[in-house]
Amino acid sequence: MGEVVLHPVVEDEGLTLHIEHWEGPLDLLLDLARGQKVDLHEISILELTEQFVAYIERAQALQLEVAADYLVMAAWLAYLKSCLLLPKDPEVDPSPEELAWRLQQRLMRLDAMREAGARLLGRDRVGRDVFLRAAPEGLRTERKSRWQVRAYDLFAAYGQVRARTQPAMHVVHDRKVMTLEHAMERLQSMLGFAVEWTDLRRFLPRSEDKAFLKSCLASSFLASLELARTGMIDLEQEEPFGAVKVKKGR
Amino acid sequence: MSEDFARKVEAVLFAADEPLTAEQIGDHAGEGDVKAALGELAGHYAGRGIELVERGKRWHFQTAGDLAHLLRRTREEPRKLSRAGTECLAIIAYHEPVTRAEIEAIRGVQISKGTLDVLMEAGWVRTAGRRETPGRPLQYATTPDFLTHFGLASRRDLPGIDDLKAAGLLDPLDEEALELALSGDDEEEDEVEVGDEEV
Amino acid sequence: MSEDFARKVEAVLFAADEPLTAEQIGDHAGEGDVKAALGELAGHYAGRGIELVERGKRWHFQTAGDLAHLLRRTREEPRKLSRAGTECLAIIAYHEPVTRAEIEAIRGVQISKGTLDVLMEAGWVRTAGRRETPGRPLQYATTPDFLTHFGLASRRDLPGIDDLKAAGLLDPLDEEALELALSGDDEEEDEVEVGDEEV
């Protein structure tokens with residue numbers, strides 16, 4: 001336990017108090033048992049119980065702070081003691097003797113580990129009893145990369161470099177278009193016929209070339225906007241996306 | 001021929017700054033029967049001022065134990081363990097793999113926070129997976145460095161382990177013992193522990 | 001008797017963290033003829049994997065000099081050459097002797113110093129004197145190992161531009177296919193390549 005407990009220790013008949021760290025109630029019990037007998041098989045659980053309970057009671061009488069688990073153990077031991085002293089009741093399971101035996105086993109287990117720990121610490125320990133070489137040369141494993149690349153990768157890489165860096169020539173195919181200038185000239189020359197509102201599309205030339213027709217339409221539309229701006233023609237569109245109509249300006 | 005290989009093994013072990021497995025030795029010494037060479041060397045060094053020892057399947061040279069008095073610079077222990085730490089270490093070594101609740105049951109007291117940390121920091125104790133029981137508690141076990149430090153060829157060399165086993169003092173604790181050991185508030189702590197240690 | 005003292009000296013020297021004078025040895029080992037013990041030990045260890053040596057009146061054990069190579073083991077790990085490295089190597093092979101600036105001009109991307117180092121470390125590329133132009137830049141060329149590694153009898157065996165074209169390796173539209181042909185891990189490096197090229 002982390003907390004400091006004032007522990008009563010009997011010396012001769014008198015009671016002296018030591019501030020110590022018991023490692024829990026089992027530890028105190030083990031020390032008491034050790035005081036009884038060297039062989040834990042031979043200890044008297046009854047006597048042990050009395051000693052422990054007496055300790056705790058004295059401590060409480062002196063108004064010392066006693067940790068809860070010591071009190072729990074004292075209560076359990078008091079119960080065990082009364083069971084051991086009462087006439088045997090075959091109905092009780094486990095029997096008080098069984099409980100006493102278990103307690104003894106636990107003390108023996110703890111004792112075994114305490115002794116084992118001491119024997120462990122007493123062995124020839126590295127750095128205390130036996131020594132390793134103080135200044136070893138040390139072993140090193142140097143990692144070296146074995147670079148791997150296949151011939152194909154190499155050639156492909158070169159091909160890619162060349163492909164990437166070769167000057168690219170961009171060729172634009174010759175396409176038939178109607179320029180804006182041409183469209184304006186054409187529209188102006190044909191305006192004489194447009195006394196009434198006339199669909200702009202009727203001014204386009206005849207052609208089987210659809211791409212050329214689109215170019216004509218786009219250029220003529222732009223030309224019509226330009227001519228409308230200068231007042232040479234009027235423009236009309238009745239609804240969105242409806243036909244664009246032109247008429248000679250006044 | 002074999003002697004030639006033995007001196008390579010000797011050189012590798014001598015130069016190493018930590019104990020080596022037979023495999024690691026072979027990696028450096030090259031082709032040869034490492035086991036045979038180790039046996040040969042161990043025989044050669046027996047009784048000398050330096051000894052070749054095996055600790056948990058790893059080998060190293062160290063000075064002979066009976067010469068400690070010549071070499072000890074101070075009387076101080078390399079790592080002073082508290083009583084709680086010593087008991088915990090013994091319990092883990094003799095019972096491994098063991099859960100914290102089991103350690104506490106044997107000692108009849110809770111383990112204070114730093115105790116296991118100190119053992120792990122020393123490199124003697126490691127976590128050893130979770131026990132597949134309700135709550136999946138972490139288990140603890142010792143490390144090869146533990147064997148090296150305490151001069152044990154294997155866990156079978158733990159002092160008195162055969163007698164303790166025969167006496168049933170290393171048997172797994174039954175559940176009643178666990179319950180008996182721990183008052184109610186311990187269980188809470190156990191749960192907290194699981195959370196903490198998962199980090 | 002003297003052997004008993006020799007093993008003390010042996011242990012003292014083994015555990016020492018620096019070479020010791022005979023006097024220092026005596027301070028630890030106690031009563032005895034240190035000189036005689038040192039002579040005895042030196043004789044015993046002669047030809048073994050460990051040697052007892054004297055340097056400026058100080059004694060220490062060391063690993064036998066002829067076995068020093070065992071302590072430094074190199075382990076080769078296969079690693080795929082990066083795309084930058086591969087391109088660089090290809091350019092050197094096709095254009096050698098070539099300067100770094102030329103490689104960069106052909107690749108259209110800068111190359112990091114590490115890329116050329118890797119190629120030289122791999123043993124495929126060597127420096128090939130300086131170009132007698134302003135700045136006297138270093139030139140690079142391939143090595144005989146390069147030809148061996150790629151199974152080429154001579155540089156004339158490198159596929160020509162026409163061969164590459166015929167194989168579709170020069171088709172700009174095939175760039176995606178090429179990227180697929182170069183393995184997946186190159187893609188990462190490609191991104192790095194844009195900035196500072198990684199090896």
Side-chain angles (χ1 to χ4, degrees), chain A residues 1-3 5 20-30 40-41 67-73 75-76 80 94 98-99 102-141, chain B residues 12 14-20 24 27-28 50-51 53 60-65 67-68 71-72 76-79 81 83-91 93-95 105-110 112-113 148-152 158-161 164 167-170 173 176-177 180-181 183 185:
Chain A
M1 298 299 297
E3 67 221 85
V5 185
E20 278 181 320
H21 264 107
W22 293 102
E23 295 279 337
L26 209 57
D27 185 28
L28 173 52
L29 263 178
L30 182 58
L40 292 180
H41 286 281
D69 44 358
Y70 289 80
L71 297 175
V72 170
M73 178 63 91
W76 186 81
L80 177 63
E98 167 76 14
L99 289 178
R102 284 187 196 170
L103 178 60
Q104 197 178 19
Q105 284 290 304
R106 292 194 60 203
L107 290 174
M108 286 168 67
R109 269 176 182 267
L110 177 58
D111 188 55
M113 287 302 103
R114 184 158 298 170
E115 198 192 329
R119 286 172 75 176
L120 216 45
L121 292 194
R123 291 184 61 84
D124 280 350
R125 288 165 62 187
V126 171
R128 189 190 68 169
D129 308 293
V130 297
F131 296 85
L132 308 183
R133 205 169 157 221
E137 287 95 339
L139 300 175
R140 288 197 215 335
T141 300
Chain B
V12 167
F14 183 75
D17 46 17
E18 57 179 9
L20 299 179
Q24 290 170 319
D27 285 347
H28 281 275
I50 308 169
E51 287 171 351
V53 294
H60 71 269
F61 279 117
Q62 64 182 29
T63 57
L67 301 178
L71 307 168
R72 210 174 275 160
E76 228 164 88
E77 296 199 357
R79 188 177 287 271
L81 264 192
R83 198 165 125 201
T86 308
E87 285 180 19
C88 264
L89 180 62
I91 292 167
Y94 283 76
H95 291 80
I106 292 168
R107 297 190 62 229
V109 70
Q110 288 184 25
S112 62
K113 196 132 184 58
T148 300
H149 183 87
F150 290 99
L152 301 161
L158 285 168
I161 191 168
L164 294 177
L169 292 176
L170 298 182
L173 291 158
E176 273 174 67
L180 187 89
S183 41
D185 60 341

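Side-chain atoms are counted along with the backbone in the values below, which use heavy atoms only and exclude waters and symmetry mates. What you are looking at is a predicted structure, and each value in this text was computed from that prediction instead of being measured. Per chain, numbering begins at 1; letters A, B, ... match sequence-line order.
Residues forming a side-chain hydrogen bond (donor to acceptor under 3.5 Å, both in side chains) with A:Arg123 (at least two apart in sequence, or on another chain): none. In this view, B:Gln62 and B:His60 satisfy the side-chain hydrogen bond (donor to acceptor under 3.5 Å, both in side chains) rule, not counting sequence neighbours.
Between B:Ile91 and A:Met113 the shortest heavy-atom distance is CG1-CG, 3.5 Å. Residues A:Pro136 and B:Ala15 share a closest heavy-atom pair of CB-O, 3.4 Å.
For the pair A:Leu120/B:Thr86, no side-chain contact is recorded, criterion being any heavy-atom separation below 4.5 Å from C-beta on. Side-chain atoms of B:Leu20 and A:Leu139, non-hydrogen and from C-beta on, do get closer than 4.5 Å to each other.
With rounding to the nearest 0.5 angstrom, the CZ atom of A:Arg140 is 10.0 Å from the NE2 atom of B:His28. A distance of 7.5 Å separates CG of A:Leu121 from CG of B:Leu89, quoted to the nearest 0.5 Å. Separating the OG1 atom in B:Thr63 from the CG atom in A:Leu132 is a distance of 8.0 Å, to the nearest 0.5 Å. Atom CG of B:Leu170 sits about 7.5 Å away from atom CZ of A:Arg109, to the nearest 0.5 Å.
Relative to the six-membered ring of B:Phe61, A:Arg133 misses at least one condition, a distance below 6.0 Å or an angle of at most 45° to the axis.
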Could you walk me through whether A:Asp27 and B:Val109 pass the side-chain contact (heavy atoms from CB on, under 4.5 Å) check?
-> CA-CA 9 Å; A:Asp27 185 28; B:Val109 70; over 6 Å; no
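For B:Val53, no part sits under 4.5 Å from any heavy atom of chain A, backbone or side chain.
Of all the listed residues (A:Asp124, A:Leu26, A:Val130), the one sharing the greatest number of non-hydrogen pairs under 4.5 Å with chain B is A:Val130. For the options B:Gly85, B:Gly168, B:Ala84, heavy-atom pairs under 4.5 Å to chain A are most numerous at B:Ala84.
Side-chain atoms of A:Arg119 do not come within 3.5 Å of backbone N or O of B:Leu158 as any donor-acceptor pair.
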